Each structure stands twice: as C-alpha cells, then as structure tokens.
Amino acid sequence: MSEEKSLNFIEEIVEADLANGKYATITTRFPPEPNGYLHIGHAKSICLNFGLAKKYGGKTNLRFDDTNPVTEETEYVDSIKDDVRWLGFSWANEFYASDYFEQLYGFAVKLIEKGLAYVDDSTSDEIAAQKGTPTIPGVRNVFADRTVAENLQLFTDMRAGKYPDGSKVLRAKIDMASPNMLLRDPIIYRIKHAHHHRTGDKWCIYPMYDFAHGQSDSIENITHSICTLEFIPHRDLYDWCIEKLEIFPSHQYEFARLNMTYTIMSKRKLLQLVNEKHVNGWDDPRMSTISGMRRRGYTAEAIREFCDRIGVAKRENLIDVGLLEFFVREHLNKIALRRMVVFDPLKIVLTNYPDTVEMLPSENNPENPEGGSREIPFSKELYIERDDFMEVAPKKYFRLAPGQMVRLKSAYIIKCEDVIKDAEGKVTELHCTYLPESKSGSDTSGIHVKGTLHWVSVPHAVTAEVRLYDRLFKVEDVGNAEGDFKDHINPDSLQVISHAYAEPALLLDNPDDRYQFIRKGYFILDKDSTKEKLVFNRTVTLKDGWAKETKKA
RNA sequence: UGCCCGAUAGUAUAAGGGUAGUACAACUGAUUUUGGUUCAGUAUGUCGUGGUUCGAAUCCAUGUCGGGCAACCA
C-alpha cells in the first residue's frame, strides 16, 4: 500500500483490520447534522473519511444526522452536498438518520422488552440531580421499576402524541454509578412536537444522538466510524447499544478536531456571526466555511493538500492558518493568470513617448510556458502604484525615486525626471522619460535595474472594485481567548478599493479563472460582479519580502 | 478528590527497542523583467524522575502539565 509515506493511526487500524481479515472491505461515513454550513474542520473529516475509503478501495456514505428537528433545515442539507462535491468527493449513498426512525423505534422497543429501558416522568432538573456528579454516584428513581408492559404502553403513547414536550423520556437502564456519566441511564428518546425537515409531522418523539448514531452506522454496515475526541466517552454507550441490540458491530475511533489560528470552528459561533451581521452570510469570504473559502478563491485542491499535510492524531492542536495559505499560494501560483491592476494610482507621463499606443505581449503565467500571453496597451500616460514611488528613498528601495530608473513590467525602463505637486505638496504626477532601446524582449540598453513595477495605461484602464480581506479575528487562539469571541473581531478584516485600475484583459476572461495581480496577490471574480462593474476578492496576498525587510528596520 | 484522552523544534506531524526525519514558519545566500517563484544552506526538539536494556522518543513505574466528562444538542 504505502511504503514511503507513514500511516496515521487510523490508517494503521484499517490496514490491520484488512490484513487480519476482520473486514474484506471498509465503509466509512461523513455524518453532519444539517444545522449549519460546513467549515474547514469538516473538510478535515471529509478528507479523512472519503480519503480512507478511496485509499483502501471502500466506500463512504453521506449521512445527515437529523435527529433534532428544531435546528435542522433543508438549506443546510443542500449546502453540505454542494460543499462535499466541490471538495471533490462523491458518496456511495445519501442517507438520513431520519430514514431509520421506524427502525430506531423498533430498537427502543426491543430494549424495553429486554428490561433495558424505561419511561421516566421526571423533569430534566430532577434527572440531572439524580445523575450525581463525576465523583458522586447517581441514584435511580421509582420510574426505573416500571414493568415491561407498562413501559411498552407508555412508549406507544409517547409516540401517539398523548404527552406534551418534556413530560416523559425513554431512558436506557445501564448503571447509575458508572464513572462514565453517559452510562448513568442516558435519555434515548424525547418528546418534541416539532416539524422535521424530512419526516414532517409524522413523529413527535425523536431519538437522541447516542441512540441514533451507532445504530445508523450499524444499519449501514459502517466498519470504521470516525469522529472527534469529544465523543470518546460516548463510545461505551455506542458499544452498549450495539451489544444489547445484537446488531452489526461498527466501531468508533476518535481523532483530534482541527483548530486554526485566527478563526473559529464552531457552528454555533459561525451562525452568530451570520445572524448578527458581523459578516455577510455563511459564504462571506472571511468565514472559515467551505463556501466562504470557495468564494474567496481557495481551491479544493489546496484544501485537500492542507488536510493531508496536517495529519490525523489524538493530540489537541492549533494549526497556523499560514499553512493553509501556503497551500493556496502553491496551487494558485501554478494556475493563476498574471494581470496588472493598480489599486492606488499615481499618474506618470512619459515626456519623450509619442502620442501612440503600442500593444505589448506579456506571458499569462511564467510558471507555465503553455499558458500563452496577452497584449497589453501601453501609452504616454500610465498609472503606477503610489507606494512604488518615494521622494526620499531609503538605500535598498528598488522602486521609483527622483533620478532613479525602474523597469515597467513587459515594457520599458523609465527614469523619473520631475515630481509634480499640488499646493499642499502632495505628489500628483511624475514626469519620466523612457528608454526606447530597453523594450521588453529586445532590450539592447545594457542597463539592469533592480525594480520592476506593474502599471496600467490611463486611457485603457478598466475600473474595478477590489475587496481585500484580512483575518476575521485579532487573536491567535480565538477559542481560548478571554471574554466573548466577538470582542476579538478584527474591525479591519475587509477593505474595499472601489476604484482600482485594471488592464483591459480582465474584461475578457472567464469568471472561474484565478488571477495573480502582479505584485499584489491572488484574486478571483466575486459573485457580486456585473458586466458594468467588476468585483474581485483577494484570495491571499503574495509573500512580501520587502514588507518584512521594512518591518525589521 | 472519580473516570477518560493526550504530551517530539515556534506550529503541526513521523520514527513502533538501533543515525530524531518531513512540512510550514524563521534566518543566510544565489537566481529572477513580480522584493513573487525557484534553488542551495543554517538554526531550533523527545515534559520531569526513576527503572528494564548493550542500546529507550518508543517498554515499565511515578510525578507534572494540558484537555474532556454531570444538554430532553450533535
């Protein structure tokens, strides 16, 4: 199988199970609750579950864990399916825990018949109080002594809708003194007169996670049921149900969930950001949701590489978001079309350039010779970036300064002759001369300059809106930071450049294309774009060695 | 003071009794018509203490530290 690359602990389990004949083939599942959009943490789980099946020739089901009707919606189901597909995976079957409600009900009846479940009329407070604490054993109440016949009748009546919400629950009869709190007669069914997104009003009792998940796995013959660390204590109950019900023995394995710097990974908090309008929806490009990252321009390939690289283990972790960005850059560098866009323009007049327009060819991607080239209009009046000029420049500044020369990308070398200012002393334009013999591709000037700038021809410039995103939070470990997580929101996470100047080639390209705005970063067209108004999202910046250099000083 | 997980460079992750390796980050330098890319190189690590062993990140004991467990959520 894999000789070079080392295995993670789950792959080792799978290989052992396959090698010793425990299973001929494996089946995994990705089991989201449709109560929110998927985020990068889910991507790790998706890559793990689908990746395992792919690697070992098994299959993976997509199963919606929809046992709590009050939080779940079809919108979420649809978005989850979109996201999994976009990530590049296809499921063997699309299942729903709600598909199994009848079967699950039967399992509960079986437990009652075996004397292993009872109907409890206590309030939730009473149940909590009787449960004890981790160091004090719980105590059973009188309802635990109800007869099988009585329990059967009561449970039937619960299903029939004879009781209001909260008035009764079905509990598994296990061990009120167990050191594992989850085994102290856990609730397995509760009454909820609520509309379910798939079963409608057919049911008014719903199984709890612990009575649905393992059994669903079992029904689907899941061999390796992989979940996150917080479910470790649930494994005893998972196994207990399977054993008492005498059904296919799926096994649960747990790995550490992904945590990432400067982001949150909780659906509850993500929902809060959406509801309270701290962001513009679940697919806001600043969100750690898969749909947000997609809109921002991250590629599925980069996300998969990231998930592969971070590994799977049981130790808690906090991964540098910079690692994700590394994989995004690595991929985009290979596929992005190079374009020139000026965000903050400073006008340049080439005093010795004729009143004509030249079309200059420029490669689409230096990393890919087959990527071809496009023609860029060049004229007497150009825009360059305002911070590519300094009137008084430090020593290692390779850009424009009075008397200094730079190369204009794919065009000529120019020299700054005159600085024009307004009454306040603000630089309004630069008068430069160009070296005709320095034309890109046929340079005979013999001059080598250190700096190369991007530029746009003034009369040909296309205006566009550019949205620059920064991290949504100001602190590294948002989850463990003091106070409310919203206190740490970065107020400057979105900067809008409403009038950037772009080379005209950007009008012609395909909306799915990825761009590198030379010296600026990677960009993608946003869905808010129209024919009249282009809108671009910055996916990620380029690494900036100069910024690092200046920061040091 | 119960039970359960875990601990390897800054961050992650390998090494499964035999040279502590890889990626990102950092730092040097080279190349470069993107201060990007690429290339070459440098520095940094086994939680503590005992033990077993010719040999321990790995096995044993013990301590310490971090995390989890008492929703009619998943």
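Remember, it's a predicted structure, so these values are computed and weren't measured experimentally. Residue numbers start from 1 in every chain, and the chains themselves are labelled A, B, ... in the order their sequence lines are given, proteins ahead of strands.
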Novice: Applying a 4.0 Å non-hydrogen cut-off, can you work out what R399(A) is touching in the nucleic acid: base, sugar-phosphate, or nothing?
Specialist: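 Base contact.
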
Novice: Just compare C72(B), G2(B), U34(B) and give me whichever is closest to any side-chain atom of P179(A).
Specialist: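 Nearest listed nucleotide: G2(B).
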
Novice: Can you check whether R309(A) has a side-chain N or O nearer than 4.0 Å to OP1 or OP2 of A14(B)?
Specialist: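 Answer no for this pair, as no side-chain N or O of R309(A) is under 4.0 Å from OP1 or OP2.
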
Novice: Can you tell me if the side-chain N/O atoms of T123(A) get under 4.0 Å from OP1 or OP2 in C72(B)?
Specialist: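 No, T123(A) has no side-chain N/O under 4.0 Å of OP1/OP2 on C72(B).
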
Novice: Please check the phosphate of U8(B) (OP1 and OP2 only) for any side-chain N or O of R315(A) closer than 4.0 Å.
Specialist: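 R315(A) to U8(B) OP1/OP2: side-chain N or O found under 4.0 Å.
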
Novice: Which atoms of nucleotides 64-67 of chain B (N or O only) lie under 3.5 Å from a protein N or O atom, and what are those distances?
Specialist:
from   : atom 1 : to      : atom 2 : distance (Å)
G67(B) : O2'    : E316(A) : OE2    : 2.7

Novice: Look at the side-chain N and O atoms of R184(A) and state whether any lies under 4.0 Å from the OP1 or OP2 oxygen of A70(B).
Specialist: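 Answer is no, no contact under 4.0 Å.
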
Novice: Mind pulling the stems RNA chain B is in, i.e. runs of at least three Watson-Crick or G-U pairs, everything under 3.5 Å?
Specialist: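 Only these stems qualify: B:2-7 with B:64-69, B:10-13 with B:21-24, B:26-30 with B:38-42, B:47-51 with B:59-63.
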
Novice: Any sub-3.5 Å donor-acceptor pair from N151(A)'s side-chain atoms to I112(A)'s backbone N or O?
Specialist: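 Flag not set: sc N151(A) to bb I112(A) has no pair under 3.5 Å.
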
Novice: Is any side-chain nitrogen or oxygen of K439(A) closer than 4.0 Å to OP1 or OP2 of U33(B)?
Specialist: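 No, no such contact exists.
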
Novice: Of the listed nucleotides (U37(B), C73(B), C5(B)), which one gets closest to any side-chain atom of N333(A)?
Specialist: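 In terms of side-chain proximity for N333(A), the closest of U37(B), C73(B), C5(B) is U37(B).
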
Novice: Could you check which of C72(B), G6(B), A14(B) has an atom nearest any side-chain atom of N8(A)?
Specialist: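 It is A14(B).
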
Novice: Nearest to the E367(A) side chain among U34(B), C73(B), U37(B), which nucleotide is it?
Specialist: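 Ranking U34(B), C73(B), U37(B) by closest atom to the E367(A) side chain puts U37(B) first.
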
Novice: Near RNA chain B, counting only heavy atoms under 4.0 Å, which residues of residues 255-263 of chain A show up?
Specialist: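 Heavy-atom contacts with RNA chain B come from no residue of residues 255-263 of chain A; none.
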
